[in-house]
Amino acid sequence: MTGVAKVRVGRKVQLRERDFTPAEQSTILAAALRPVSVRTSATYAKAVRWVPWLCAYTGARVNEITQLRKEDIAEIGGVWTIHITPAAGNIKTDKARLVPIHAHLISQGFIDAVEASGNGPLFYDPGLERTGMARGQYKRVGMKLAAWVRTIGVTDVALQPNHAWRHTFKTICREADIAEGAADYMQGHAPQGQSRHYGSNTMPALVREFAKFPAFKVAA
């Protein structure tokens, strides 16, 4: 067909950075520490308590966290780790990775909470899954948490309420001079450049780098 003009779609305007401000970080993480309604299910209460903090300290995709199982948290060689694996649910890269757990999460009692949990998923009840909706619950948990973030005052529609932790994590890594390859690995980002496809991100190397990652401070 001739004589038809092409329609140019303008670029989406970006009005702010895509990571959380320090105030937004504090708002979400402080809210996660507060008691939830007695009507909240035990698994969702754990999700509210721990998923924002886990996203903040790993830079992982929210569904990589909401699908975690008890067996994905383990002490290996004296280091507490999170195994982000396709065996638990969807991983964008289809490639498992093992990441260290930040000391601040351990001091808050995350390992104790995991050990007190039953076997299987930490943040949803697989017995409630509908027929034909296998593994769908962890995605719904992520959606509920995004809605929850809006209710506690982080309402800027230019900001993605879960995904912004990935941007925040990378910003903090740059500020802390954490090796880019280690940060990329933690987040499940493909390494940039052919040379970075060689070798492995060993746990000692990751622990050394993430000892630089500062603890989040939240308002009382």
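We're numbering straight along the sequence, starting at 1. All values below come from the heavy atoms of this structure, side chains included, with hydrogens, waters and symmetry mates left out. A quick note: this is a predicted structure, and the numbers were derived from the prediction, not measured.
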Do Met143 and Ile28 share a hydrophobic cluster (ILVMFWY, side-chain heavy atoms under 4.5 Å, transitive)?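 As far as the 4.5 Å side-chain criterion goes, Ile28 and Met143 are not connected within one cluster.
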Kindly say whether [Y] contributes a backbone atom to a donor-acceptor pair with the side chain of [X] at under 3.5 angstrom?
{"X": "Ser26", "Y": "Pro22", "answer": "no"}
{"X": "Gln137", "Y": "Tyr124", "answer": "no"}
{"X": "Thr81", "Y": "Leu98", "answer": "no"}
{"X": "Tyr138", "Y": "Ile65", "answer": "no"}

Partner set under side chain to side chain contact (heavy atoms under 4.5 Å, CB included) for [X], not counting sequence neighbours:
{"X": "Val207", "value": "Val79, Pro100, Met203"}
{"X": "Val62", "value": "Val51, Cys55, Thr66, Asn162"}
{"X": "Arg208", "value": "Ala205"}
{"X": "Glu64", "value": "Ala60, Arg61, Ile84, Ile91, Arg97"}

Non-hydrogen atoms of [X] and [Y] that approach each other most closely:
{"X": "Lys170", "Y": "Ala183", "answer": "CE-CB, 4.1 Å"}
{"X": "Phe210", "Y": "Cys173", "answer": "CE2-SG, 4.0 Å"}
{"X": "Ala47", "Y": "Pro52", "answer": "O-CD, 3.4 Å"}
{"X": "Pro161", "Y": "Phe20", "answer": "O-CZ, 3.4 Å"}

Derivation of the side-chain contact (heavy atoms from CB on, under 4.5 Å) call for Arg18 and Leu159: CA-CA 6 Å; Arg18 291 179 290 179; Leu159 195 70; 5.5 Å; no
Find the distance between OG1 (Thr43) and CG (Asp125) and round it off to the nearest 0.5 Å.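 Thr43 OG1 to Asp125 CG: 6.0 Å, rounded to 0.5 Å.
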Nearest-0.5 Å distance, NE2 of residue His167 to CD1 of residue Ile172: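 Between His167 NE2 and Ile172 CD1, I get 13.5 Å after rounding to 0.5 Å.
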Under the salt bridge (Lys or Arg N to Asp or Glu O under 4.0 Å) test, residues paired with Asp72 that sit two or more places apart: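 So Asp72 forms a salt bridge (Lys or Arg N to Asp or Glu O under 4.0 Å) with Arg69.
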Residues that Arg166 engages under salt bridge (Lys or Arg N to Asp or Glu O under 4.0 Å), provided they are two or more places apart: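 Applying salt bridge (Lys or Arg N to Asp or Glu O under 4.0 Å) to Arg166 gives none.
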Quick one: list whatever passes side-chain hydrogen bond (donor to acceptor under 3.5 Å, both in side chains) with Lys212, sequence neighbours left out.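 side-chain hydrogen bond (donor to acceptor under 3.5 Å, both in side chains) list for Lys212, sorted by chain: Glu209.
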What residues, two or more places apart in sequence or in another chain, satisfy side-chain hydrogen bond (donor to acceptor under 3.5 Å, both in side chains) together with Thr21?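 Checked Thr21 against side-chain hydrogen bond (donor to acceptor under 3.5 Å, both in side chains); matches are Glu24.
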Taking atom types as modelled and ignoring hydrogens, do the side chains of Thr171 and Asp19 form a donor-acceptor contact shorter than 3.5 angstrom?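 Looking only at side-chain atoms, Asp19 and Thr171 do form a donor-acceptor pair, the distance falling under 3.5 Å.
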Which pairs, with at least one residue in residues 54-79 and sequence neighbours excluded, count as a ring pair (Phe, Tyr, Trp, His ring centres under 6.0 Å)?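 Sorted result for residues 54-79: Tyr57-His102, Tyr57-His104, Tyr57-Phe213, Tyr57-Phe216.
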Run the numbers on Ile82 and Leu54 for side-chain contact (heavy atoms from CB on, under 4.5 Å), then give the verdict. CA-CA 10 Å; Ile82 297 172; Leu54 287 163; 3.8 Å; yes
Which pairs, with at least one residue in residues 147-157 and sequence neighbours excluded, count as a side chain to side chain donor-acceptor pair (under 3.5 Å)?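 Applying side chain to side chain donor-acceptor pair (under 3.5 Å) to every pair that reaches into residues 147-157, excluding sequence neighbours, yields Arg16-Asp156.
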What side-chain donor-acceptor pairs closer than 3.5 Å can you find for residues 108-122, not counting sequence neighbours?
residue, atom, partner, partner atom, Å
Gln108, OE1, Arg49, NH1, 3.3
Gln108, OE1, Arg49, NH2, 2.8
Ser117, OG, Lys46, NZ, 2.8
Ser117, OG, Ala113, O, 2.8

Report yes if the side chains of Phe123 and Val48 come closer than 4.5 Å at any heavy-atom pair, otherwise no.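 The answer is no; the side chains never approach within 4.5 Å.
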Side-chain donor-acceptor pairs under 3.5 Å in residues 33-41, sequence neighbours left out?
residue, atom, partner, partner atom, Å
Ser37, OG, Arg39, N, 3.1
Thr40, OG1, Ser37, O, 3.1
Ser41, OG, Tyr44, N, 3.2

